[in-house]
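Beneath this line is the structure, given in structure tokens, with notes to follow.
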Amino acid sequence: MARSIIRPISRTLRTERLGHDAIDADHVEISDYWFQAVNCQPIQFPFLIARMKKSMINHFAREDAIMARVDAALCSCHRHEHDMLVGLCDRAARLSKYDWRATQRLLRDEFPVLVREHIICMDQLLILHINTCGGSAPTDESRRGDYVR
């Protein structure tokens, strides 16, 4: 029996955003890279996991920069979850060299749950704080110099 793949960013999160254009767009981008990585051939995987990891690192740097604009910082729990998610990408990359099925299981079973929980809890609080303080990220791409693409 075929298993359905549950995306890190569900249809609900794709349509009912958290309320910050740049952060919401990053979440969708990370989800799309994840979907490509769990559906690719082994030879494509190193490139796709690297893209997903870079997208997450850029997203986390953007969150830091946005918080700095409102004279705040991410809490240690939030930073710890960022480190854990980037570490999961590294773990998947190492695992893919010798156990493709385990790599796919790791990304299909663990990653979506962890990302969804992070968005619903940590990022929702982050956006609440940012919106309460009146801060937001520029939506014009030319003004978004706080990260690397």
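What you see below is based on every heavy atom in this structure, not just the backbone, and it leaves out hydrogens, waters and symmetry mates.
Ala50 meets the side-chain contact (heavy atoms from CB on, under 4.5 Å) test with no other residue; sequence neighbours excluded. When the side-chain contact (heavy atoms from CB on, under 4.5 Å) test is applied to Ala37, the partners found at least two apart in sequence or on another chain are Phe45, Leu48, Leu107. A search for side-chain contact (heavy atoms from CB on, under 4.5 Å) contacts involving Ala102 returns Leu95, Asp99, Arg105, not counting sequence neighbours.
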* Give the intermediate values and the outcome of side-chain contact (heavy atoms from CB on, under 4.5 Å) for residues His82 and Glu63. => CA-CA 11 Å; His82 287 177; Glu63 286 182 350; 2.8 Å; yes
* **Test log, rule side-chain contact (heavy atoms from CB on, under 4.5 Å), inputs Asn58 and Asp26** => CA-CA 9 Å; Asn58 289 338; Asp26 286 350; over 6 Å; no
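Going from atom CG of Asp123 over to atom NE2 of His20 covers 11.0 Å, rounded to the nearest 0.5 Å. Here OH of Tyr33 is found 12.5 Å from CE of Met56. Values are rounded to the nearest 0.5 Å. Summarising the geometry, atom CD1 belonging to Ile66 is positioned 5.0 Å from atom CD1 belonging to Ile130; distances are rounded to the nearest 0.5 Å. Within the model, atoms SG of Cys77 and CE of Met84 stand 11.0 Å from one another, a figure rounded to the nearest 0.5 Å. We find the CE-NE2 distance between Met67 and His129 to be 4.5 Å, quoted to the nearest 0.5 Å. Note: His80 NE2 to Leu85 CG = 9.5 Å, rounded to the nearest 0.5 Å.
Tracing side-chain contacts under 4.5 Å through hydrophobic residues (I, L, V, M, F, W, Y), one never reaches Tyr98 starting from Ile43; they form parts of separate clusters.
With 3.5 Å as the limit, one finds no donor-acceptor pair spanning the side chains of Glu29 and His59.
Judged by distance alone, with hydrogens and angles left aside, the side-chain atoms of Arg108 form a donor-acceptor pair with the main-chain N or O of Val38 at under 3.5 Å. Listed for the Thr132 side chain is a donor-acceptor partner under 3.5 Å among the backbone atoms of Leu128.
Residues Ile49 and Pro46 approach most closely at CG2-O, 3.5 Å, considering heavy atoms. Closest non-hydrogen pair, Ile30 versus Ser55, comes out as CG1-OG, 3.4 Å. The minimum heavy-atom distance between Cys40 and Trp100, with the atom names listed, is O-CZ2, 3.5 Å.
Two residues are said to be in side-chain contact when any heavy atoms from C-beta on lie closer than 4.5 Å; Met122 and Glu117 fail this criterion. A 4.5 Å side-chain heavy-atom check between Gln104 and Asn39 finds every atom pair outside the cut-off.
Taking the six-membered ring where the residue is Trp, Phe111 and Trp34 present parallel rings, their angle staying beneath 30° rather than reaching 60°.
Here salt bridge (charged side-chain N to carboxylate O under 4.0 Å, His left out) pairs that include residues 78-93, with residues two or more places apart or in two chains, are Lys53-Asp90, Asp64-Arg79, Arg91-Glu110.
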